[in-house]
J.: 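First the structure, which I've put down as structure tokens, then a few questions once you've had a look.
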Amino acid sequence: MGKTVAIGVQDFGQLREYDNFYVDKTYFIKDWWENRDAVTLITRPRRFGKTLTMSMLDHFFSVKHKKDAWMFEGLSIWENAKYHELQGTYPVISLSFAGVKQDKFEDAYGKICSLLLEIYLQYEEELMNSQISESDKINFKSTQNVLLRQKEETSLVCLNVVEDAIHTLSMQLYKYYGKKVLIFLDEYDTPMQEAYLNGYWKEMVSFIRNMFNNAFKTNPYMERAILTGITRISKESIFSDLNNLVVITSSTNIYEDVFGFTENEVFHAMDKIGLADKESVKLWYDGFVFGKLKDIYNPWSITQYLRTGKTDLYWANTSSNGLISKLLRESEYDFKMDFEKLLEGECVETELDEQVIFDQLDDDPDAVWSLFLASGYLKIDSIIRDDPGDDPVYRLSLTNLEVKKMVQKLIKGWFKKGRVLSKFVAALLQGDIRGMNLYMNDIVLNTMSYFDSGKRPSTKEPENFYHGLVLGLIVEKASDYIVRSNRESGYGRYDIVMEPFDKKENAVIMEFKVFDEEDNEKTLDDTLANALAQIEEKKYETDLLAAGVTRDRIYKYGFAFEGKKVKIAKV
């Protein structure tokens with residue numbers, strides 16, 4: 001193991017050159033090569049070593065890295081002599097779509113053209129000074145010039161030429177080297193996620209589908225290819241023409257230990273460095289499951305921990321979480337309630353198809369669960385039903401403590417406005433009605449418009465909106481309180497209850513009501529009175545009293561809402 005734990009280094013050559021910390025995954029080269037699959041798609045959560053693995057493959061196979069054979073000495077792949085002869089013998093097209101995160105299709109298209117241009121420039125000198133035919137050289141330069149033009153223009157240039165660019169380069173490299181090419185495409189699905197978020201899904205689907213068909217299906221100059229990403233986008237979206245595709249998802253029993261660290265690898269590294277708190281590391285970072293292999297750790301968080309010696313929330317800061325945030329914020333009420341159960345340590349049961357159909361994310365909760373699983377937020381605890389011909393039913397839970405804290409931070413961030421959030425929570429737990437009214441009205445005024453920008457405006461489900469709003473506000477107290485909602489207690493179902501772990505602290509009961517003239521309510525005060533009366537009539541304090549909280553420690557609040565007007569009172 002290298003002496004230095006380098007953070008954020010995703011280039012295999014740099015890690016080996018400086019003898020940085022590296023967990024040997026080179027056996028994947030042999031496993032993949034001997035499986036002989038034409039096109040392999042591997043999905044894993046972000047920061048799980050996909051980019052480093054693709055860099056490793058490039059350094060091993062590419063003729064550009066023939067001189068880098070020394071980097072594999074002492075690693076598992078070098079134990080087999082026949083792989084010495086394979087190293088550095090193939091023309092390789094290696095690129096990453098990780099940076100294709102533009103707001104408009106034209107800009108995303110331009111970014112992809114720039115990435116393709118870089119590959120063309122890598123091989124320009126050899127091909128233009130070679131013995132390939134003049135017509136082939138003209139073809140190569142023609143495509144290169146289109147890519148260069150697109151880099152300088154904002155309007156779309158020669159879409160069909162760009163869609164064929166990988167195929168064209170494959171042909172030229174085959175004629176020059178006399179060997180078919182290997183294609184390595186990292187983070188293939190980033191453009192698709194950004195297209196969904198920014199409203200240009202159809203344009204991107206059409207472009208990517210045609211490019212992939214030309215590159216991976218109708219390309220006689222391709223030997224093999226690997227694509228990596230977070231999600232398995234549905235075949236109907238961009239893989240409809242690829243019948244030579246092998247898909248490796250989190251439930252597939254192949255390449256299980258290639259991406260991520262096993263527990264043995266983590267604990268071995270800790271022993272080498274002299275870190276002993278394995279129980280905390282397991283609580284924070286264990287929990288990922290690939291295939292039948294459990295106890296997989298997020299490598300990004302582990303390398304951070306090895307560097308600092310401290311458990312912390314590392315994974316949350318590696319990307320914007322834009323898609324996950326959007327889906328959770330705009331999800332239906334039932335989905336939010338299920339996610340609340342997950343935050344309380346419970347499981348949810350759902351059908352899952354690991355193909356993510358972006359067109360269905362707005363309307364199909366099962367599709368959203370699939371995305372959360374692929375993104376690493378959830379793990380499969382068990383399979384309840386796995387009948388042929390039916391989508392399997394899984395029992396899912398949050399992956400580990402880091403993920404739980406990350407989701408809590410995400411939810412908290414939706415509502416944060418200066419110190420108003422903390423002030424509201426403090427007032428809530430101290431029985432300060434004046435402060436609660438002041439801070440809640442401020443929060444609602446600045447939050448409702450943010451939620452109304454989504455696909456499910458708060459005006460359509462007002463009570464659900466306010467319910468979710470308050471849950472988000474109190475999420476920071478999850479370490480001190482058991483937060484429950486819509487549970488039976490006494491003779492009814494309360495909205496939210498906060499039960500303290502320390503029974504000497506104050507407990508909270510909340511009931512929400514939206515002003516409704518059909519309930520014979522003339523003013524918001526009538527609505528508030530109904531909320532308070534329901535708390536008493538239904539005896540919502542029953543569970544808290546049974547848990548050992550004394551009656552004088554229970555605050556009972558009614559919340560009455562009308563549009564952006566809020567009134568709060570207590571019994």
Side-chain angles (χ1 to χ4, degrees), residues 1 21-35 37 40-54 56-57 75-77 79 226-232 246-271 278-303 305-306 314-315 342 347 350 352-356 369-386 392-404:
M1 185 182 80
F21 167 73
Y22 173 67
V23 175
D24 185 2
K25 302 289 185 177
T26 58
Y27 53 84
F28 172 64
I29 298 170
K30 177 178 180 294
D31 293 345
W32 172 70
W33 191 252
E34 294 184 1
N35 278 335
D37 297 316
T40 305
L41 167 61
I42 302 174
T43 66
R44 289 294 185 268
R46 59 191 170 85
R47 293 296 192 180
F48 256 78
K50 299 187 295 293
T51 299
L52 179 58
T53 300
M54 296 294 257
M56 174 191 74
L57 291 168
L75 300 177
S76 59
I77 189 62
E79 296 172 2
I226 295 182
L227 296 82
T228 68
I230 295 174
T231 56
R232 175 190 177 183
V246 173
V247 181
I248 311 297
T249 66
S250 60
S251 65
T252 308
N253 300 328
I254 186 173
Y255 310 140
E256 296 170 310
D257 59 348
V258 174
F259 301 88
F261 295 160
T262 66
E263 189 160 278
N264 286 338
E265 290 168 342
V266 172
F267 289 175
H268 175 72
M270 290 177 65
D271 289 340
K278 295 174 181 176
E279 185 175 339
S280 293
V281 171
K282 186 175 180 66
L283 175 66
W284 271 79
Y285 307 120
D286 184 18
F288 295 92
V289 179
F290 299 142
K292 296 179 180 178
L293 188 62
K294 298 183 178 181
D295 297 320
I296 297 291
Y297 291 68
N298 170 10
W300 173 260
S301 299
I302 290 300
T303 52
Y305 170 77
L306 294 175
Y314 298 117
W315 203 38
L342 292 171
C347 297
T350 181
L352 277 184
D353 180 354
E354 288 188 87
Q355 291 188 105
V356 175
W369 289 124
S370 297
L371 181 64
F372 273 73
L373 176 65
S375 301
Y377 288 77
L378 302 176
K379 64 181 178 180
I380 298 173
D381 276 352
S382 61
I383 301 176
I384 300 171
R385 186 191 73 202
D386 192 14
V393 177
Y394 293 105
R395 181 175 286 113
L396 306 175
S397 64
L398 290 175
T399 305
N400 53 35
L401 181 59
E402 184 183 34
V403 169
K404 178 180 179 180

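Counting begins at 1 with the first residue of the sequence. What you are looking at is a predicted structure, and each value in this text was computed from that prediction instead of being measured. Just so it is clear, the values below take in all heavy atoms, side chains as well, and ignore hydrogens, waters and symmetry mates.
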J.: State, with a plain yes or no, whether a side-chain heavy atom of K30 is found less than 4.5 Å away from one of W33.
T.: no
J.: Can you name the closest pair of heavy atoms from G49 and P299 and give their distance?
T.: N-CG, 4.2 Å
J.: Does the side chain of T303 reach to within under 4.5 Å of the side chain of F261, using non-hydrogen atoms?
T.: yes
J.: Do any N or O atoms from the side chain of K404 and from the backbone of L398 form a donor-acceptor pair under 3.5 angstrom?
T.: no
J.: Do the side chains of T228 and T53 get nearer than 4.5 Å, heavy atoms only?
T.: no
J.: Restricting to non-hydrogen atoms, name the atom on E256 and the atom on L293 that form the minimum distance, rounded to 0.1 Å.
T.: OE2-N, 3.6 Å
J.: Within the side chain of D24, is there an N or O that forms a donor-acceptor pair under 3.5 Å with the backbone of S76?
T.: yes
J.: Quick check for you: to the nearest 0.5 Å, what is the distance between F259 atom CZ and S250 atom OG?
T.: 13.0 Å
J.: Among I302, I296, L401, which residue satisfies the side-chain contact (heavy atoms from CB on, under 4.5 Å) criterion with Y285?
T.: I302
J.: Compare every heavy atom of L306 with every heavy atom of A269, then report the nearest pair and how far apart it is.
T.: CB-CD1, 3.9 Å
J.: Evaluate the side chain to side chain contact (heavy atoms under 4.5 Å, CB included) criterion for residues V289 and I380: first the C-alpha distance (whole Å), next the side-chain angles of each, then the deciding distance (0.1 Å), finally the verdict.
T.: CA-CA 7 Å; V289 179; I380 298 173; 5.6 Å; no
J.: Can you give me the closest heavy-atom contact between G376 and V403, atom names plus distance?
T.: O-CG2, 4.0 Å
J.: May I ask you to decide if D37's main-chain N or O and N35's side chain share a donor-acceptor pair within less than 3.5 Å?
T.: no
J.: Parallel, tilted or perpendicular for F290 and F48, by the 30°/60° rule?
T.: perpendicular
J.: Does some side-chain heavy atom of V247 sit less than 4.5 Å from a side-chain heavy atom of T252?
T.: no
J.: Do other residues, nucleotides or ligands put more than 12 heavy atoms under 6.0 Å from E34 CD?
T.: yes
J.: Restricting to non-hydrogen atoms, name the atom on G291 and the atom on N253 that form the minimum distance, rounded to 0.1 Å.
T.: CA-OD1, 3.2 Å
J.: So, the side chain of S375 versus the backbone of F372: is there a donor-acceptor pair under 3.5 Å, distance only?
T.: no
J.: For the residue pair Y377 and W315, categorise the inter-ring angle as parallel (less than 30°), tilted (30 to 60°) or perpendicular (more than 60°).
T.: tilted
J.: Between Y22 and M56, what is the shortest heavy-atom contact and its length?
T.: OH-SD, 3.5 Å
J.: Between R44 and F288, does the side chain to side chain contact (heavy atoms under 4.5 Å, CB included) criterion hold? Intermediate values first, please.
T.: CA-CA 10 Å; R44 289 294 185 268; F288 295 92; over 6 Å; no
J.: Distance check, rounded to the nearest 0.5 Å: I42 atom CD1 versus R232 atom CZ?
T.: 13.5 Å
J.: Between CD1 of I226 and CG of L57, what distance do you get to the nearest 0.5 Å?
T.: 5.0 Å
J.: Any side-chain donor paired with an acceptor under 3.5 Å for S397 and D381?
T.: yes
J.: Working to the nearest 0.5 Å, report the span between CG of D286 and CG of N298.
T.: 11.0 Å
J.: Stepwise, does the ring-ring contact (aromatic ring centres under 6.0 Å, His included) test hold for F28 with Y255?
T.: CA-CA 7 Å; F28 172 64; Y255 310 140; 5.0 Å; yes
J.: Please determine whether a side-chain nitrogen of the Lys or Arg among D295 and K282 lies less than 4.0 Å from a carboxylate oxygen of the Asp or Glu.
T.: yes
J.: Answer yes or no: is there an ion pair linking K25 with E265, defined by an N-O contact shorter than 4.0 Å?
T.: yes
J.: Rounded to the nearest 0.5 Å, what separation is found between the CG atom of L396 and the CG atom of L378?
T.: 5.5 Å
J.: Please determine whether a side-chain nitrogen of the Lys or Arg among D271 and K278 lies less than 4.0 Å from a carboxylate oxygen of the Asp or Glu.
T.: yes
J.: Rounded to the nearest 0.5 Å, how far apart are OH of Y297 and CG of N400?
T.: 9.5 Å
